[in-house]
Each structure stands twice: as C-alpha cells, then as structure tokens.
Amino acid sequence: MSAARRPAILGGTPLFAEPYHLVKPALPPREEFAGRLRELYRSRILTNQGAQVRALEERLSEFIGVKHCALFCNATVALMVLLRALDLEGEVILPSFTFAATAQAALWARLRPRFVDIDPGSLMLDPGRVAAAVGRRTAAILGVNLFGSCCDHDRLRAVADRHGLPLLYDSAQAFGTRYRGRMAGALGDAEVFSFHATKLFHTGEGGAIVTGDPGLYARVCRMRNFGFAAYLDCVDLGLNGKMPELSALLGLSLLRDLPRRIAQGRRVCREYRRRLGAVPGLSLPEPRREVSGNHSYFPVLVDPAGFGLSNLELNLALLHERIVTRCYFYPPVHRTGYFRGLSRRSGGLPETDRAARRVLCLPVRSDMRLEELERIVEAIVRCRVHAPAVRARAAGRLPAEWEALGERAADPYDELILGHER
Ligand SMILES: Cc1ncc(COP(=O)(O)O)c(C=O)c1O
C-alpha cells in the first residue's frame, strides 16, 4: 500500500509534480467575457459607479435577499467604512480566530477589539461567552462567518437584542451560505463580503456591504466616494473605496456559475469526509444542521497526540508533496505582535489557542478530480505512518514560536513553492 512509501519530506517522490494550490480562482469562459468587455470598450466608463457596478449591486441584493448592496474595492475597506459609518465608540466584540482584517478594521474605526473565545465545535464566536463579555463599553458584536459556514446566529441575535447592540458579520468567507434557508448577508444588521480572487465568488479584488438600513446604505455609499454628496462637495468622512467596472464585469460573468461551484465543493467535502473521518488524530468540524455551507473550505483539526504531528508539521510535510494547505488561523490575531499589546483585557482564549494549534485547511477546488483528492488523502495518511521521522525532519523548520512572531514568521511556503527564502 502506497502509504508505506516514504513521504517527500523524507526523500520520497512528491505526490504532485506541480504545486497543488488551495484554490483555483475561477475565470469566466473567454468568449463570454470578451462579449461583455465590448460594452466597456464602447462606453469607456471604467469606474465611479458605472453600469457594471450598479448591475452587480442589483444582482447581489436580489441573490442575497437584502435591500441594499454597496460594492467596495475589498472587504477590509468595506469593514473599516461600515464600523466608522455606525459612529460606534468603545469596544467591539469579535473573535481572534479570524483573518487579521477583521480586527484591523476595528482599529481603523477607532474601536478597541474585545476578543471573545470561540465555540470548539463550530470554531466561531461562542454566544455564551459573548453574553458574558458584554459590558458598559461594548458598542457592537462583530461575528465572523468562517469557512463557508455561519455563526450561531439566533443566539447571537438574542444577545445583541437584549443589550440593544448592532449585530454585524464579517461574511468574507460565506458568500452563498444559508442559515435556516436565509442567505448570509441577510442575517446581521449589516454584513461584509470579500470578493477576493481566492473566494468562491470573486471580482479579482472586491467586497461589499449589505444591509436593510437605507440610512446606513446612503452613508457608506458617500464614504466610499470621498464623502462627496454632490460633485466635490464633502459632507462626510470618506476615502476611495470604489470597485472598478472591470471587477464588476468579472463578477457579473461569474455569478451564474456559483451553484455549480457550490455543488462541486459539496462533493469534494463529502469525499474528504468519507476518507478522513476515521483517520486517528484527525477530527472534522461538523457542519451545523441549520447551515447549508458554500463548501469552499475543508478545515481539519490535527491532534498532535493522536496524529503524531502538529498542524504546522503536517502543513510542512504536505508542502514537500507540493500540496498547499493553510493553517487558517495560526497564529490567532491576539497572538500577533501588533495586537498582543492591545488585547490584554480580553483574558485567555483557550479554545482559540487550541484551534489555532490544530487547524489545517485542505484544497477545495472546483476542478478537483477524485484522483487528486485521493492523492492528498494518501499524503496525509503517509505522513501519519511516518510521523516520528517527519517530526524530526521538520524540527527547526517551522514558523517561529508565538513569542517571536512579532519579529518574523518564516513561511515554508516561500521556500518550497515560491522557491526563495525571506
Ligand atoms: C474573515 C475575513 N475577513 C476579511 C478578509 C479580507 O478580505 P479582503 O481581502 O477582500 O480585504 C478576509 C480575506 O480573506 C477574510 O477571510
């Protein structure tokens, strides 16, 4: 059986000849996109809320079932603008187990991040801990809908309503996800999506704020356009957060393919689940019954005691096989150099730390063949069989320990896939 063969990190032949990346960004059929481009060549309108941006905003509002959609250049700027537009002061409750942008946006909006621990089952904000963390200075709750899934929305909503707080979501990873039949985007008082190229649905770079609140919508539209009301007349704080027409055009071309991509992702996740469910030392976060995910991520939790390797060690060993996986989110935001000093009040986050030390996201690609998935599974099993030797080989080659992360976090990806060292 091939699992007995030596892993590439120990000198065996890599299972892939070329790097097998986590995702393969979608592109529309060339002919169709060329047809749409003709319109841009005709109008020469390339930005400033042209016809393509307006059309995509309309399509997305309809698709999500929300009144208003304002497109942005990316989700980070959209989050910054949203938090600032609400005129919040004090603290915002959010998880540390997220991409740094969530917490960075809070700082840009002059809010203090109050990191609250996650529920170990869902890996998202724990509503019980959120309730306990609400205090005098709490201004909002910002949940993060991770890995194409959703927070425990009903319980978070109950906490938010009890305290009269806005409930916001960073839904950067959750476009197309449903919670009790409602789309992500139609759950919070306002939500933000990312349409970065690596997302299931994308516009190259891009993002959106969606909300049912017409006043908030009008304000974020002004703020993304320098705070202008009329031509060159600033009536509000603003920046340039506009999405270019070319990006919107890409989005309009890709939206139609979304159901197929979700269905393909569902098949990939089902096959992973079938093959990895019984591997000792691996656990697979269970999708909640009320959630129908977008299936664009497949996180596994690697228990070093049962598997013989940590998530970082397995990530390194798989990179030698030319399989790109990612430890999202190691390190958690509160452990990074910049945030360490800011988050002292948040206390311990044991579940966040535990998840960060275990999580590994496997490739989910819409062009993925069963045979490729089987090779990835084979690589994982192979690493487990040879765990002690793999661990010994990985020693000293992993990102610096947490304490030193502020200084440098070497990423073996650079060396093994990009072919250079920092
Ligand atoms: C949870 C989360 N929030 C925010 C962002 C930032 O999105 P963008 O790259 O569009 O600014 C990302 C990007 O991956 C994300 O995963």
Side-chain angles (χ1 to χ4, degrees), residues 21-23 25-26 56 60 69-84 92-109 111 113 115-116 118 122-125 140-151 168-177 184-185 187-188 190-210 220 224 239-244 247-248 250-251 254 285 293-299 324-334 336 339 352 355-356 359-361 363-364 413:
H21 289 279
L22 201 61
V23 293
L56 183 58
L60 293 179
C69 170
L71 286 172
F72 275 78
C73 52
N74 60 56
T76 308
V77 169
L79 279 165
M80 286 161 50
V81 167
L82 172 63
L83 292 173
R84 198 63 203 265
V92 59
I93 286 177
L94 76 171
S96 165
F97 195 68
T98 180
F99 189 61
T102 321
Q104 291 281 18
L107 293 183
W108 278 99
L111 290 162
F115 294 118
V116 168
I118 53 170
S122 70
L123 307 178
M124 284 173 266
L125 269 187
I141 298 170
L142 175 56
V144 181
N145 290 324
L146 273 190
F147 301 140
S149 187
C150 263
C151 291
L168 312 170
Y169 285 118
D170 174 345
S171 292
Q173 302 189 355
F175 188 76
T177 299
L187 301 168
E191 300 190 35
V192 166
F193 290 108
S194 169
F195 302 138
H196 183 260
T198 52
K199 299 292 188 283
L200 186 68
F201 166 74
H202 75 89
T203 58
E205 288 270 6
I209 296 175
V210 293
V220 300
R224 81 174 159 186
L239 44 63
N240 182 354
K242 290 170 289 168
M243 174 181 279
S247 289
L250 193 53
L254 288 174
N294 71 15
H295 304 289
S296 57
Y297 298 83
F298 195 80
V324 180
T325 61
R326 283 292 188 185
C327 300
Y328 288 144
F329 295 97
Y330 170 92
V333 181
H334 75 289
T336 61
F339 281 90
T352 297
V359 70
L360 190 72
C361 288
V364 177
Y413 176 89

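For ligands, and for the atoms within them, numbers begin at 1 and follow the listed sequence. Values reported hereafter were calculated over all heavy atoms of this structure, with side chains retained and with hydrogens, waters and symmetry mates removed.
- Closest non-hydrogen pair, C150 versus N145, comes out as CA-OD1, 3.5 Å.
- Considering every non-hydrogen atom in both T203 and L250, the closest pair reads C-CD2, 3.8 Å.
- Annotation for S247 and M243: closest pair CB-CG, 3.7 Å, computed over non-hydrogen atoms.
- Taking all atoms of both residues into account, the shortest heavy-atom contact from L146 to L123 is CD1-O, 3.8 Å.
- Pairing each heavy atom of T325 with each of P363, the nearest pair is CG2-CD, 4.1 Å.
- For ligand 1, the protein residues within 4.0 angstrom (heavy atoms only) are N74, A75, T76, T98, F99, A101, T102, V144, D170, A172, Q173, S194, K199, G206.
- Residues F195 and F175 place their aromatic rings such that the two centres sit under 6.0 Å apart.
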